Chemist: 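Structure provided below as structure tokens; questions to follow.
Values below: every heavy atom of this structure, side chains too, minus hydrogens, waters and symmetry copies. This one's a predicted model, so the numbers in the text were calculated from it and none came from an experiment. Chain A is the first sequence line, chain B the second, and so forth, proteins listed ahead of strands; every chain is numbered from 1.
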There are 2 protein chains.
Amino acid sequence: MYKIGELAQLCEIKTDTLRFYEKHGLLAPSSRTDAGYRIYTENDAARLRFILRAKAVGFTLNEITELLSIELDKSNWACADVKGLVDSKLEQVVARIAELNAFRSSLQNLSNACCGGPESAEHCSILDALETEQGLEKPLIKGVNHHNAIVKAER
Amino acid sequence: MYKIGELAQLCEIKTDTLRFYEKHGLLAPSSRTDAGYRIYTENDAARLRFILRAKAVGFTLNEITELLSIELDKSNWACADVKGLVDSKLEQVVARIAELNAFRSSLQNLSNACCGGPESAEHCSILDALETEQGLEKPLIKGVNHHNAIVKAER
DNA sequence: ATAAACCTTGGAGTTAAATCTAGGGTCAAG
DNA sequence: CTTGACCCTAGATTTAACTCCAAGGTTTAT
């Protein structure tokens, strides 16, 4: 059981943000005290952590609402519906991971091309690194890649 | 050589967005016609694609500006500086990939737990899936994971 | 029993990133 | 030589996601 300030501190956000999430239907406290103070349960906190993680990973609050709506009325959904919605989000996540991997390899190329010494960076070019990586990009975007996790990053 | 509308169409953004990027120092056309029309080169287009990819992957325009600033005055930077900046961005990207992988596995758990049939989704819970995945989360965050690329997602 | 530190609501302000509007030039096709 | 599809600038508006403020009620520690 947390008061709003306690939960906020626990999750390193502002109380204002919690009230904002409530107003927008993402997270309502399970109850109120007689005086009207919001009371959040451990379950509410878990939900909040889910929201924050989804946010950190680039989902908008609207998308998160959509994800959480599964939770709210799950007894009214068929299992197949839930699976469908989750799997479509899962696809988005997988696609985003692929994009990130492509981007990471862009940066990696630049880092690799750079000697790292004290001399001028005349020959270090983000765009050069980009160009040389362009052929590499497509296979990353399309299809699941079991071998592109994280490429060795040394030197 | 592209006029603003051509480049916009090529990259599926609005001309307004290109002018906006120019105003904010992310991408200026290499030249103008006598009439004042913006003229973008292939190099400008590559820079734009870099911007769009970075954006898709969750970087803010300010962060992207910082990344691109390397390009602008690279001759005034030491190679070590460039490498430092790039490597720190690289760390951010790797961290984000880790977060996304954790999130993906959350969703995967839910999908797996869900029978996918026509019956009520009473027992499919995003939060349940979250709980059971909580122990799994930390090893993903810390350290490079060569084997967490993308887990089989079928069924 | 009172001050400090909480909490409440309603509404205004902020920031990032566009997106739109108004009022005009430019250019190629018929 | 005009019409429609472009382009220009400057500035206003929008949207998401907070963040802050005012005016007041509640709790807690001294």
Side-chain angles (χ1 to χ4, degrees), chain A residues 1-41 44-45 47-69 89 92 96 99, chain B residues 1-41 44-45 47-69 89 92 96 99:
Chain A
M1 301 301 220
Y2 309 98
K3 279 191 289 183
I4 194 168
E6 292 163 354
L7 182 58
Q9 187 168 23
L10 193 67
C11 292
E12 299 176 286
I13 59 176
K14 303 246 164 98
T15 57
D16 278 330
T17 304
L18 281 169
R19 295 197 194 92
F20 175 82
Y21 286 170
E22 182 175 354
K23 186 155 62 184
H24 289 75
L26 277 96
L27 176 67
S30 289
S31 59
R32 297 273 186 139
T33 67
D34 288 352
Y37 284 24
R38 290 167 177 81
I39 297 296
Y40 296 91
T41 64
D44 296 335
R47 188 180 169 103
L48 176 58
R49 280 188 293 266
F50 180 87
I51 292 168
L52 296 178
R53 200 136 59 94
K55 231 175 57 62
V57 126
F59 283 99
T60 65
L61 297 192
N62 279 344
E63 290 170 324
I64 296 170
T65 301
E66 194 183 341
L67 266 169
L68 288 170
S69 73
K89 286 295 171 193
Q92 284 178 35
R96 207 173 297 219
E99 276 182 303
Chain B
M1 301 301 219
Y2 310 96
K3 279 190 289 182
I4 194 168
E6 291 162 355
L7 183 57
Q9 187 167 22
L10 194 66
C11 292
E12 298 175 288
I13 58 175
K14 302 247 161 98
T15 57
D16 279 330
T17 304
L18 281 168
R19 295 197 195 92
F20 175 81
Y21 286 170
E22 182 175 356
K23 186 157 60 184
H24 289 75
L26 277 95
L27 176 66
S30 290
S31 60
R32 296 273 187 140
T33 67
D34 287 352
Y37 285 23
R38 290 167 179 81
I39 297 295
Y40 296 91
T41 65
D44 296 335
R47 188 180 170 103
L48 176 58
R49 279 188 294 265
F50 180 87
I51 292 168
L52 295 178
R53 201 136 59 97
K55 230 175 56 62
V57 125
F59 283 99
T60 66
L61 296 191
N62 278 345
E63 289 171 324
I64 296 169
T65 301
E66 193 183 343
L67 266 169
L68 287 170
S69 74
K89 287 295 171 194
Q92 284 178 36
R96 205 174 299 220
E99 278 183 302

Chemist: What nucleotide among C:dT19, C:dC7, D:dT9 has an atom nearest to a side-chain atom of B:R38?
Modeler: D:dT9
Chemist: Would you kindly give the OH-to-P distance between A:Y2 and C:dC6, to the nearest whole Å?
Modeler: 18 Å
Chemist: Just compare C:dA16, C:dT19, C:dC7 and give me whichever is closest to any side-chain atom of B:F20.
Modeler: C:dT19
Chemist: Working note: B:Q9 + B:E6, criterion side chain to side chain contact (heavy atoms under 4.5 Å, CB included); need CA distance, chi angles, decisive distance, verdict.
Modeler: CA-CA 5 Å; B:Q9 187 167 22; B:E6 291 162 355; 5.9 Å; no
Chemist: Whole angstrom is fine here: how far is it from CG in A:N62 over to C1' in D:dA17?
Modeler: 11 Å
Chemist: Can you measure A:E22 atom CD to C:dC7 atom P for me and round it to whole angstrom units?
Modeler: 14 Å
Chemist: Among B:D16, B:I64, B:T65, B:L52, whose side chain to side chain contact (heavy atoms under 4.5 Å, CB included) with B:Y21 holds?
Modeler: B:L52
Chemist: Where the side chain of B:A35 is defined as all heavy atoms beyond and including C-beta, which of C:dC27, D:dC18, C:dA17 is the nearest nucleotide?
Modeler: C:dC27
Chemist: Could you tell me the separation between the CD atom of B:E12 and the P atom of C:dA18, rounded to a whole number of Å?
Modeler: 15 Å
Chemist: Let me know the distance between CD of A:E6 and C1' of D:dT28, rounded to the nearest Å.
Modeler: 13 Å
Chemist: Might you point out which heavy atoms bring A:A28 and A:E22 nearest each other, and give the distance in Å?
Modeler: CA-CG, 4.1 Å
Chemist: Indicate whether OP1 or OP2 belonging to D:dA5 is found under 4.0 Å from a side-chain N or O atom of B:K3.
Modeler: no
Chemist: Look at A:T17 and D:dA17 and indicate whether a side-chain polar atom (N or O) is within less than 4.0 Å of OP1 or OP2.
Modeler: no
Chemist: Which one of A:L10, A:L48, A:T41 satisfies the side chain to side chain contact (heavy atoms under 4.5 Å, CB included) criterion with A:Y2?
Modeler: A:L10
Chemist: Between A:K14 and A:Y37, name the one whose nearest nucleotide on DNA chain D is closer to the 5' end.
Modeler: A:K14
Chemist: Looking only at atom types and distance, does a side-chain atom of A:R47 sit under 3.5 Å from a main-chain N or O of A:L26, one as donor and one as acceptor?
Modeler: yes
Chemist: Tell me the interatomic distance from A:K23, atom NZ, to D:dT19, atom C1', rounded to whole angstroms.
Modeler: 11 Å
Chemist: Determine the contact category for B:T60: base if any of its heavy atoms lies under 4.0 Å from a base atom, sugar-phosphate if only primed atoms, P, OP1 or OP2 are that close, otherwise nothing.
Modeler: sugar-phosphate
Chemist: A:I4 has an atom CD1; how far is it from atom C1' of D:dC18, in whole Å?
Modeler: 14 Å
Chemist: To the nearest Å, how far apart are B:D16 CG and D:dT15 P?
Modeler: 15 Å
Chemist: Pick the nucleotide of DNA chain C nearest each of A:R19 and B:Y21; which residue has the one closer to the 5' end?
Modeler: A:R19
